[in-house]
Asks: 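Below is a structure I'd like to ask you about.
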Amino acid sequence: MKFRRSYKRLLTILLLFTATGITLAAAPTEHGELSSDIFIDNTKCEQCHAIIHYQWRGTMHYNAYEDPFYQKEFIEASNDTSGIVDTFCSRCHTPIGIVSGEIPPIDGSQLSDIARQGVQCDFCHVISASNGTGNAPFIVSPGKTKWGPFNDSKSAYHESEYLELYTRSEYCGMCHNVIHPLNGLVIDDTYTTWKEGAYAEEGVVCQDCHMTPGITQFEANPGRAGSGAKKREHISTHDIVGGNAFVTKILGEEKYSEMAVERLEKAATLSLDAPEIAQRGENVSLTISITNSGAGHKIPTGVSEIRQMWLAVNVKDRNGKELYNTGEIDDDGTVVNATKMYNTILGDSHGQSTLSFWLAESILEDNRIPPKGTVTEKHAFEIPVDVAYPLKVEATLKYRSAPQETINYLFGDNVYEVPVINMTIVSSSIYENEGEATEVPSTPGITALGSITFVICAAYCIRRRKI
Ligand code: HEC
Ligand code: HEC
Ligand code: HEC
Ligand code: HEC
Ligand code: HEC
């Protein structure tokens, strides 16, 4: 068995060299080369890989084609380019639809059920080689063999083959780098910003954060990969989640919407530099630093011209009177007075900013925060004479999957409200006089009661975890 495998591999390598003379594996699977019938429905995989299936079903990979936001933008893109980008967009959003030639037409009338399953089990696991990263240069060999991360895996249903690619960022980088097909502009550079960042150097890959429970680092998930399989120290989780708490919600995938919020909450940290004491009439400066402490790529990433991340800064006095306010959202859903929008701004052929990335020809601005990078914002306000001390300063890093007006334009007014997620919050107080700042209002009795409550809670939690 072992001999046969290595023999097969040797043969492939030999063929490669003789066929191409260079190290390129093969031509990427072309449009319409295969029939969709050779791909296996996810319900078959579910029979033995129930947990993995449960984790994947409902994610944005599962919904990559049905995603209503994608659908609307796809039609726009097709109309704007007289259909030039039809197969381009579909190659990542319905890869089976492309390799089987079921797209075009773009209305989906020829699309099989299996192609509608988006980025699906069998598709991902019959990727047998890749021609690099960006614009989906996958080579697929559908059939009996499933490729994966194990070199000792056995299944009664299929052959298993180890391919190192599955354990590397280059696997994800096939689709998570998008280059404009006509002018070569890099539109989505998730893979590149990872590759150029601190995590690549440390050997932390996409899978460590997105396919383990760790979110910001590798965390082992012991278990069995399939029914009857042996116990392993780590099985990768397939609930691959990013920051999309919006479309997951529209699709009724509450679990993934909540997971996206949790992920966003771990992506960044804030620090606030404000005076402890300041007088009426005084001009106060605030410095707020935002650090991308948890993401392996720039934040935001992906379709980062559409995503929005900004800082809301708010100062109130003791009675709740507002003294300073930026980055709030008005009744129309527009972000008001944010100092900066942390995303990319793409330019069209006239140098005007555009969210229609298929029309982009240049990058006008890139205001995103690199992995482990920090940016700072300065704010200032004057303390009015009639305030009630202490003043409360609060800075909140906010994230939204798309501007409200874009969603209104695509779906109609008042159809979907794009949720605004508070990624992280920092606050401090400003006092009038020295000494007030250190005065902690606490009574020994309350502290003792607090400790008792804590002990009871802790005991309860420990018991629960044992069950
Ligand atoms: C986006 C592509 C993608 C999709 C979709 C996907 N997988 Fe995976 N799968 C991977 C990668 C990558 C790994 C290896 C991760 C690692 O070890 O670092 C993997 C690992 C596995 C493994 C080995 C055990 C483990 O979890 O480590 C099994 C079994 C598996 N997948 C089955 C499935 C099934 C069944 C489905 C559908 C319910 C599925 N996969 C969907 C990419 C995918
Ligand atoms: C009859 C049960 C069964 C069915 C059906 C099944 N598998 Fe598996 N599969 C297994 C078992 C058992 C393993 C071994 C797991 C291990 O080694 O820990 C496995 C392993 C794998 C691996 C790991 C391969 C490697 O070498 O890393 C992948 C990937 C995989 N299956 C994908 C799939 C996909 C995709 C489907 C659906 C098309 C599927 N399986 C259907 C039982 C099954
Ligand atoms: C075959 C192409 C393909 C491969 C391979 C692939 N992805 Fe994706 N991925 C997509 C597409 C397309 C979407 C977007 C679906 C949508 O939003 O409509 C997506 C969505 C995601 C999201 C959700 C983004 C959000 O905003 O919430 C994450 C996270 C993600 N992928 C991570 C990964 C990781 C990690 C890997 C490698 C293990 C990987 N992907 C491999 C195509 C792919
Ligand atoms: C150190 C942990 C870490 C690594 C490594 C990492 N990510 Fe992420 N990823 C995150 C966190 C945290 C977020 C949430 C913040 C955000 O949305 O930008 C995220 C978000 C995303 C999103 C959603 C972006 C958006 O805002 O729409 C995608 C897509 C994604 N990651 C893909 C990848 C890919 C592909 C790789 C490898 C090239 C990768 N990630 C490596 C932690 C990581
Ligand atoms: C090389 C692969 C690839 C190609 C080609 C591609 N996309 Fe995507 N698309 C992705 C990935 C990966 C994501 C997820 C990134 C993120 O979450 O920000 C995505 C996300 C999106 C989203 C955001 C969806 C959401 O739910 O928030 C839209 C809209 C979209 N793509 C439209 C298009 C259109 C239109 C085209 C063609 C002009 C296209 N894509 C071409 C890979 C691709």
Side-chain angles (χ1 to χ4, degrees), residues 39-42 44-49 52 60 63-64 67-78 81 85-86 88-93 120-122 124-126 134-136 146-158 160-163 166 169 172-179 181 187-188 190-195 199-200 204-210 214-217 224-232 235 240-244 246-248 260 263-264 266-268 292 294-304 306-307 309 356-358 371 399 401-402 423:
F39 291 94
I40 298 160
D41 196 87
N42 68 78
K44 182 70 201 176
C45 319
E46 184 187 12
Q47 288 175 6
C48 304
H49 299 292
I52 291 177
M60 288 314 297
N63 285 305
D67 176 347
F69 186 21
Y70 164 69
Q71 283 294 335
K72 290 277 186 197
E73 293 275 81
F74 179 40
I75 305 292
E76 292 271 316
S78 179
T81 60
V85 296
D86 290 359
F88 170 68
C89 305
S90 311
R91 194 169 171 84
C92 298
H93 288 267
Q120 179 259 19
C121 309
D122 201 36
C124 269
H125 285 290
V126 297
N135 287 5
K146 306 303 160 208
W147 278 265
F150 300 146
N151 58 12
D152 59 348
S153 176
K154 284 190 182 54
S155 149
Y157 175 69
H158 55 74
S160 296
E161 192 87 50
Y162 167 71
L163 191 63
Y166 282 78
S169 288
C172 319
M174 289 187 288
C175 301
H176 285 270
N177 244 28
V178 186
I179 300 137
I187 306 160
D188 176 348
T190 305
Y191 169 77
T192 312
T193 70
W194 167 82
K195 180 81 184 155
Y199 291 91
V204 177
V205 295
C206 317
Q207 289 86 336
D208 289 339
C209 298
H210 287 282
I215 298 186
T216 58
Q217 62 188 3
R224 291 175 212 278
S227 31
K230 64 174 176 184
K231 205 155 187 245
R232 292 185 188 264
I235 305 298
I240 302 178
V241 165
N244 206 334
F246 169 52
V247 173
T248 42
R263 183 165 285 271
L264 287 167
K266 296 207 167 144
N292 173 356
H297 32 71
K298 287 188 177 174
I299 51 169
T301 191
V303 286
S304 51
I306 298 176
R307 311 296 189 218
M309 189 174 90
S356 307
F357 53 86
W358 48 92
Y399 178 95
S401 289
M423 293 175 69

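Atoms within a ligand are numbered from 1 in the order they appear, just like the ligands themselves. Only a predicted model underlies this, so the values are computations on that prediction, with no experimental measurement involved.
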Asks: Applying a 4.0 Å heavy-atom criterion (strictly less than), which segment of His210 is in contact with ligand 4: side chain, backbone, both, or neither?
Replies: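 The part of His210 near ligand 4 is the side chain, not the backbone.
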Asks: Considering only N, O or S atoms, which atom of His49 is nearest to atom 8 (Fe) of ligand 2?
Replies: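 In His49, the N, O or S atom with the shortest distance to atom 8 (Fe) of ligand 2 is NE2.
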Asks: Return yes if some donor-acceptor pair links the side-chain N/O of His49 with the main-chain N/O of Ala225 below 3.5 Å, else return no.
Replies: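 Pair found, side chain donor or acceptor close to backbone of Ala225.
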Asks: What do we get for Val205 next to ligand 4 when only non-hydrogen atoms under 4.0 Å count, side chain, backbone, both or neither?
Replies: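 Just the backbone.
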Asks: Would you name the heavy atoms of Val303 and Asp188 that are closest together and state the gap between them?
Replies: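 Heavy atoms of Val303 and Asp188 come nearest at N-OD2, 4.4 Å.
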Asks: Looking only at distances, please establish whether an N/O atom of ligand 5 is found under 3.5 Å from an N/O atom of Arg307.
Replies: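 There is such a contact, yes.
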Asks: Yes or no: does Tyr166 have any heavy atom under 4.0 Å from an atom of ligand 2?
Replies: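 Tyr166: no contact with ligand 2 (<4.0 Å).
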Asks: Within the stated cut-off of 2.8 Å, is an N/O/S atom of Cys48 closer than that to atom 8 (Fe) of ligand 2?
Replies: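 Checking atom 8 (Fe) of ligand 2 against Cys48, no N, O or S atom falls under 2.8 Å.
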Asks: Give the atom numbers and elements of ligand 4 that come within less than 4.0 Å of a heavy atom of Ile215.
Replies: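 Taking each heavy atom of Ile215 in turn, ligand 4 has 2 (C), 42 (C) under 4.0 Å.
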Asks: Measure across Ala268 and Met423 and return the closest heavy-atom pair with its distance rounded to 0.1 Å.
Replies: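 Nearest pair, atom of Ala268 first, then Met423: CB-CE, 4.4 Å.
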Asks: Is Gly242 near ligand 5, meaning one of its heavy atoms is under 4.0 Å from it?
Replies: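 So Gly242 does not count as touching ligand 5.
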Asks: Nearest to atom 11 (C) of ligand 5 by heavy atom, Asp67, Asp188, Thr81: which?
Replies: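 It is Asp188 whose heavy atom sits nearest to atom 11 (C) of ligand 5.
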Asks: At the 4.0 Å heavy-atom cut-off, does Phe357 count as touching ligand 5?
Replies: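 Under 4.0 Å: yes for Phe357.
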Asks: Could you tell me if any non-hydrogen atom of Gly228 lies under 4.0 Å from any atom of ligand 2?
Replies: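 For ligand 2, residue contact (heavy atoms, under 4.0 Å) with Gly228 is absent.
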Asks: Measure from the side-chain N and O atoms of Asn151 to the backbone N and O of Tyr162, and report whether any donor-acceptor pair falls under 3.5 Å.
Replies: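 Not a single qualifying donor-acceptor pair exists.
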Asks: Under 4.0 Å from a heavy atom of Gly148: give me the atoms of ligand 2 that qualify, with their elements.
Replies: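 Ligand 2 atoms under the 4.0 Å threshold to Gly148: 25 (C), 27 (O).
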Asks: Around atom 14 (C) of ligand 5, find the nearest protein heavy atom and jot down its residue, atom name and distance.
Replies: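 Minimum-distance protein heavy atom for atom 14 (C) of ligand 5 reads His176 CE1, 4.4 Å.
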Asks: Any atoms of ligand 2 less than 4.0 Å from a non-hydrogen atom of Ala229? List them with their elements.
Replies: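 Answer, ordered by atom number: 15 (C), 16 (C), 18 (O).
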Asks: Within the side chain of Trp194, is there an N or O that forms a donor-acceptor pair under 3.5 Å with the backbone of Val204?
Replies: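 Yes, the answer is positive, given that a donor and an acceptor are paired below the 3.5 Å cut-off.
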Asks: Is Cys45 close enough that one of its N/O/S atoms sits under 2.8 Å from atom 8 (Fe) of ligand 2?
Replies: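 Here the distance criterion (N, O or S atom, under 2.8 Å) is not met by Cys45, so no.
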Asks: Would you find a donor on one side and an acceptor on the other, under 3.5 Å apart, between the side chain of Asp208 and the backbone of Val205?
Replies: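 Yes.
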Asks: Looking only at protein heavy atoms, which one is nearest to atom 26 (O) of ligand 4, and how far off is it?
Replies: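 Looking at atom 26 (O) of ligand 4, the protein heavy atom closest to it is Tyr399 OH, 2.7 Å.
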Asks: Counting non-hydrogen protein atoms only, what is the nearest one to atom 43 (C) of ligand 4? Give residue, atom name and distance.
Replies: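 Looking at atom 43 (C) of ligand 4, the protein heavy atom closest to it is Gly296 N, 3.3 Å.
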Asks: Taking Ser169 for the side chain and Cys206 for the main chain, is one N or O donor matched with an acceptor at less than 3.5 Å?
Replies: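 Yes.
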Asks: Minimum distance, heavy atoms only, to atom 32 (C) of ligand 5: which one of Phe69, Trp358, Tyr70 is it?
Replies: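 When every heavy atom of Phe69, Trp358, Tyr70 is considered, Tyr70 comes closest to atom 32 (C) of ligand 5.
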Asks: Which ligand 5 atoms are under 4.0 Å away from a heavy-atom of Thr301?
Replies: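 Answer for ligand 5: 18 (O).
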Asks: When you measure from the heavy atoms of Cys124 to every atom of ligand 2, does any distance fall below 4.0 Å?
Replies: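 No, that is not the case, since the closest heavy atom of the residue is not under 4.0 Å from the ligand.
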Asks: Find all atoms of ligand 4 within a distance of less than 4.0 Å from any non-hydrogen atom belonging to Tyr199, and give their numbers and elements.
Replies: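 Selected atoms, number and element: 1 (C).
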Asks: With a cutoff of 4.0 Å, is Asn244 in contact with ligand 4, counting heavy atoms of the residue only?
Replies: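 Not so, Asn244 does not reach ligand 4.
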Asks: For Ser160, does its backbone N or O pair with a side-chain atom of Ser153 as donor and acceptor, under 3.5 Å?
Replies: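 Not confirmed, Ser153 side chain does not pair with Ser160 backbone.
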Asks: Of the protein's non-hydrogen atoms, which lies at the shortest distance from atom 17 (O) of ligand 4, and what is that distance?
Replies: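 The protein heavy atom lying closest is Leu264 CD2, 3.7 Å.
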Asks: Where the closest heavy atom to atom 12 (C) of ligand 2 is concerned, which of Lys154, Lys44, His125 has it?
Replies: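 Looking at heavy atoms only, Lys154 sits closest to atom 12 (C) of ligand 2.
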Asks: Would the distance check show the side chain of Arg307 and the main-chain N or O of Ser401 forming a donor-acceptor pair, the cut-off being under 3.5 Å?
Replies: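 Checked: pair present.
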Asks: Quick one: does any side-chain atom of Tyr166 pair with a main-chain N or O of Cys124 as donor and acceptor, under 3.5 Å?
Replies: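 Yes: the side chain of Tyr166 pairs with the backbone of Cys124.
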Asks: Give the ring-plane orientation class for His297 versus His210, where under 30° counts as parallel, over 60° as perpendicular and anything between as tilted.
Replies: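 Parallel, since the angle between the ring planes stays under 30°.
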Asks: Looking at non-hydrogen atoms alone, which of Gln217, His297, Lys298 comes nearest to atom 39 (C) of ligand 4?
Replies: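 Heavy atom nearest to atom 39 (C) of ligand 4 belongs to His297.
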Asks: For atom 31 (N) of ligand 5, grab the closest protein heavy atom and report residue, atom and distance to one decimal in Å.
Replies: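 In this structure, atom 31 (N) of ligand 5 has His93 NE2, 3.1 Å as its nearest protein heavy atom.
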Asks: Run the numbers for me: atoms of ligand 2, each under 4.0 Å from some heavy atom of Ser160, listed by number.
Replies: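 Matching atoms, with element in brackets: 24 (C), 26 (O).
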Asks: Has Cys206 got an N/O/S atom less than 2.8 Å from atom 8 (Fe) of ligand 4?
Replies: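 No.
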Asks: Answer side chain, backbone, both or neither: which part of Arg232 comes under 4.0 Å from ligand 2, heavy atoms only.
Replies: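 Arg232 to ligand 2: side-chain contact only, backbone stays beyond 4.0 Å.
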Asks: Can you tell me if an N/O/S atom from Cys209 lies under 2.8 Å from atom 8 (Fe) of ligand 4?
Replies: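 So Cys209 does not count as coordinating atom 8 (Fe) of ligand 4.
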Asks: With a 4.0 Å heavy-atom cut-off (strictly under), which part of Glu161 contacts ligand 2: side chain, backbone, both or neither?
Replies: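 Only the backbone of Glu161 comes within reach of ligand 2.
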Asks: For atom 13 (C) of ligand 4, grab the closest protein heavy atom and report residue, atom and distance to one decimal in Å.
Replies: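 Looking only at protein heavy atoms, the one closest to atom 13 (C) of ligand 4 is Arg263 CG, 3.6 Å.
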Asks: I need the nearest protein heavy-atom contact for atom 1 (C) of ligand 5: residue, atom name and distance, please.
Replies: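 Scanning the protein heavy atoms, the shortest distance from atom 1 (C) of ligand 5 goes to Cys92 SG, 2.7 Å.
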Asks: Considering heavy atoms of the protein only, find what lies nearest to atom 16 (C) of ligand 4 and give residue, atom and distance to 0.1 Å.
Replies: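 Its nearest protein heavy-atom neighbour is Ile299 CG2, 3.9 Å.
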Asks: Would you mind finding which of Cys89, Ala77, Pro68 brings a heavy atom closest to atom 38 (C) of ligand 5?
Replies: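 Nearest heavy atom to atom 38 (C) of ligand 5 lies in Cys89.
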Asks: Among all protein heavy atoms, pick out the one at the shortest distance from atom 5 (C) of ligand 5; state its residue, atom name and that distance to 0.1 Å.
Replies: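 Protein heavy atom with the smallest distance to atom 5 (C) of ligand 5: Phe88 O, 3.2 Å.
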Asks: Thinking salt bridges, do Lys44 and Asp122 make one under a 4.0 Å N-O criterion?
Replies: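 Salt bridge absent between Lys44 and Asp122.
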Asks: How about atom 24 (C) of ligand 5: does it have a protein heavy atom within less than 4.0 Å?
Replies: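 Within 4.0 Å of atom 24 (C) of ligand 5, protein heavy atoms are found.
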